[in-house]
Amino acid sequence: MRSLVTVILSVLLLSCNKVTDTLIPQSGNWVDTVYPIVSEKKMQLIDAGSYKTFFGKDSGSFVQVKSFYLDETPVTNKEYLSFLKKNPQWTRSQVLRLLADTGYLHNWQGDYEMPANAAPDAPVTNISWYAARAYAKSVGKRLPTIDEWEFVGAADQVSKNASDKPEFVDYIVKSLLKRMMYLKPVKQEAANFYGIYDMYGMVWEWTEDFSAVMITGDSRDDKNANEGLFCAGSAATTQDLKNYAAFARFAMRGSVRANYCINNLGFRCAKNIVE
Amino acid sequence: MKKQFFLSTLGFAAIFALTSCNQGNNPSNTTSSNSGSSSSGTVTVVDAEKIVAEGQFEEAKLTAPPNVPPPIGNRKAKKLIVRMETIEKVGELADGTDYTFWTFDGTVPGSFIRARVGDDIEFHLKNNANSTVAHNIDLHAVNGPGGGAAASNAAPGKEAVFSFKALNPGLYVYHCATAPVPEHIANGMYGLILIEPEGGLPPVDKEFYIMQGDFYTKGKNGAKGLQQFDIEKGIAEHPDYIVFNGSTRSLLGNNALQVKTGEKVRIYFGVGGPNITSSFHIIGEIFDKVYVEGGSTINEHVQTTLVPAGGSAIVEFTPTVPGDLVIVDHSLFRAFHKGTIGKIKVTGPENPNVFKAHK
């Protein structure tokens with residue numbers, strides 16, 4: 001896994017002096033340019049703040065999060081379709097296996113035909129991290145970081161930080177037991193404090209640095225990168241032991257690789273505030 | 001010193017057994033063979049590492065509870081592929097009460113795995129594509145990091161593979177060890193893997209697979225409908241249900257176990273927990289043998305055996321009279337109010353020589 005991270009980093013380094021975002025070196029006739037699309041997705045301003053990290057060797061410390069914009073909802077099937085129309089290299093039949101495993105959009109009926117059993121406004125899922133990043137690039141955005149996601153995820157409907165409210169933790173844990181929610185349109189529940197919808201109860205979401213979970217495990221034993229997430233190891237590396245929902249999120253992030261496409265894993269985009 | 005004490009205790013037990021025994025079933029043989037097992041009878045773990053598993057990989061036959069795969073008998077060590085799938089599904093916890101179980105292979109407990117010392121086991125853990133969360137497996141029979149937990153961590157729809165060599169004979173618990181571990185176990189993610197010694201366990205007539213687990217629901221015991229997992233009750237260790245094989249009715253009514261008088265019965269019993277231990281007892285029967293904690297030490301003539309959470313015991317008995325035997329956790333409020341109750345229907349001719357009710 002660490003070697004994968006190295007590959008990603010070196011690829012990013014290689015590509016950063018080009019105008020377009022190059023995900024991989026030229027390979028066959030695959031087009032690695034992302035063509036821009038117009039998106040009218042509503043974003044919300046998230047004011048700067050800090051939150052108490054949950055997992056890893058910095059667990060329990062406060063991390064500063066700068067102001068940023070975050071998509072109101074996860075990216076939907078309909079929105080992803082408009083991306084595919086401009087970027088056919090990301091259709092199911094054209095995509096490079098290196099960038100998306102065989103599960104990529106497997107529930108779609110064709111390259112440009114959305115899933116039969118999911119709403120057009122349902123979150124797009126069976127999307128790899130590479131695909132999510134390409135989409136974000138196409139709309140001039142990026143993926144949120146774990147810190148940004150967790151910061152916004154700490155809000156309930158009335159407050160910025162509800163992580164100490166037992167009923168909020170309970171609500172999230174309950175949301176883990178709802179199944180097949182990724183087939184339903186977004187905005188199933190009221191927005192949180194920031195006006196952000198569907199942080200819980202619909203899909204897991206990719207974050208830019210999800211793979212950091214793999215290498216910030218138990219600092220005493222870096223060989224077993226993920227060990228901190230298993231068995232009692234997790235009790236030794238986290239502060240907030242009752243936050244079962246956060247355990248599940250980090251366990252999920254630790255279980256995926258960048259080309260994985262999963263039924264209940266989607267994404268939303270973030271954007272920096274231009275000074 | 002310890003061993004000496006152990007052997008002399010066994011000696012006493014044997015003498016006691018010989019002098020006091022007036023049944024046809026002479027236990028001195030088992031006692032002496034047992035004392036042998038701790039010194040020369042079975043291979044050591046170091047030797048087990050050297051056993052070469054021959055042949056091609058074969059698919060292991062697994063069974064759902066209360067059934068157990070066939071004994072290994074005299075077979076040589078071999079290469080086994082074990083395939084299991086983690087499945088989240090709604091099922092019955094009690095009459096009229098459903099629960100979203102997280103399972104291995106769709107049952108609580110999960111499939112029973114049976115192998116022998118020296119087997120090379122290639123373990124494939126698939127996480128069902130409709131799962132909401134990541135899952136993995138920690139097998140207590142594995143010598144290695146996390147019992148395979150990190151190596152088997154699988155996102156929904158993915159499969160993880162790892163290999164291990166079975167070194168220690170015994171009956172071992174396996175469970176999911178993905179964070180938050182107690183919740184995964186509380187939702188039903190545990191099972192048993194039996195590693196038989198070379199030559200196998202002595203043959204018996206009937207074998208069964210039972211595990212006890214504690215469940216924590218939002219509603220009180222008896223509340224109807226689909227119940228959610230309750231973290232606070234889990235942390236407080238106040239289960240609403242403590243059941244055998246994932247349901248209050250798993251071993252009652254038509255699901256009662258069936259045996260005949262004179263049949264030698266062996267039960268592979270484990271406790272998944274996550275919190276509660278078991279005072280495992282069968283009303284109306286005495287365990288002729290208990291493999292204490294699922295290991296190699298055999299105790300005899302046991303009424304109740306204490307089984308820790310994440311631990312096991314193998315019990316053996318031979319019913320001599322017909323009627324219902326009742327399987328319980330002898331912390332009896334659990335049996336009466338929370339669900340640790342099951343039945344074994346024993347059929348056969350009356351045996352007034354052993355038991356008779358006087359009118």
Side-chain angles (χ1 to χ4, degrees), chain A residues 54-55 101-103 106-107 125-126 166-167 169-182 201-204 214 217 221 223-235 237-238 241-257 260-265, chain B residues 86-90 98-102 125 127-138 140 144-160 175-187 216-218 226-236 274 310:
Chain A
F54 172 76
F55 177 78
D101 71 18
T102 53
H106 74 84
N107 52 334
T125 62
N126 295 304
E167 62 271 22
V169 174
D170 200 47
Y171 153 75
I172 304 170
V173 169
K174 231 183 244 177
S175 73
L176 291 181
L177 299 171
K178 292 186 193 164
R179 308 189 60 223
M180 309 295 203
M181 288 300 287
Y182 58 89
M202 294 217 85
V203 287
W204 299 106
M214 302 298 285
D221 187 0
K223 291 198 303 293
N224 296 319
N226 235 352
E227 205 71 359
L229 277 174
F230 305 112
C231 238
S234 54
T237 50
T238 60
L241 291 175
K242 286 171 81 170
N243 197 341
Y244 271 35
F247 271 122
R249 280 199 301 285
F250 280 87
M252 186 68 191
R253 286 174 189 142
S255 75
V256 294
R257 295 181 187 191
Y260 277 17
C261 300
I262 296 173
N263 277 336
N264 61 348
L265 178 57
Chain B
T86 52
I87 300 170
E88 302 166 7
K89 63 186 257 193
V90 173
D98 286 344
Y99 190 82
T100 305
F101 292 98
W102 292 355
L125 187 71
N127 189 357
N128 186 277
N130 290 325
S131 292
T132 56
V133 296
H135 295 296
N136 66 17
I137 194 166
D138 168 354
H140 291 178
S152 64
N153 203 36
K158 302 298 171 186
E159 183 178 280
H175 61 88
C176 182
T178 303
V181 191
E183 182 182 3
H184 285 257
I185 294 174
N187 285 343
Y216 305 82
T217 53
K218 278 279 178 276
L226 181 62
Q227 292 295 318
Q228 309 278 359
F229 167 64
D230 187 309
I231 303 174
E232 295 297 330
K233 287 179 180 176
I235 294 171

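The figures that follow rest on heavy atoms only: side chains count, while hydrogens, waters and symmetry mates do not. First the proteins, then the strands, lettered A, B, ... as listed; each starts at 1.
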*Asks:* If only atom types and distance count, is the side chain of B:Asn153 paired as donor or acceptor with the main-chain N or O of B:Thr178 below 3.5 Å?
*Replies:* no
*Asks:* To the nearest 0.5 angstrom, please state how far the NE2 atom of B:His184 sits from the CD1 atom of B:Ile137.
*Replies:* 13.0 Å
*Asks:* For chain A, which of B:Val133, B:Ile185, B:Asn130, B:Thr100 has the most heavy-atom pairs under 4.5 Å?
*Replies:* B:Asn130
*Asks:* Counting only non-hydrogen atoms closer than 4.5 Å, does B:Ala154 touch chain A with its backbone (N, CA, C, O), its side chain (CB onward), both, or neither?
*Replies:* backbone
*Asks:* Which one, B:Pro156, B:Ala134, B:Pro182, leads in non-hydrogen pairs under 4.5 Å with chain A?
*Replies:* B:Pro156
*Asks:* What's the spacing between B:Asp230 CG and B:Thr217 OG1 if we round to 0.5 Å?
*Replies:* 7.5 Å
*Asks:* Please round to the nearest 0.5 Å and tell me the distance separating atom NZ of B:Lys158 and atom SG of A:Cys261.
*Replies:* 6.5 Å
*Asks:* Given a strict heavy-atom distance threshold of 4.5 Å, which part of A:Met180 is in contact with chain B: side chain, backbone, both, or neither?
*Replies:* side chain
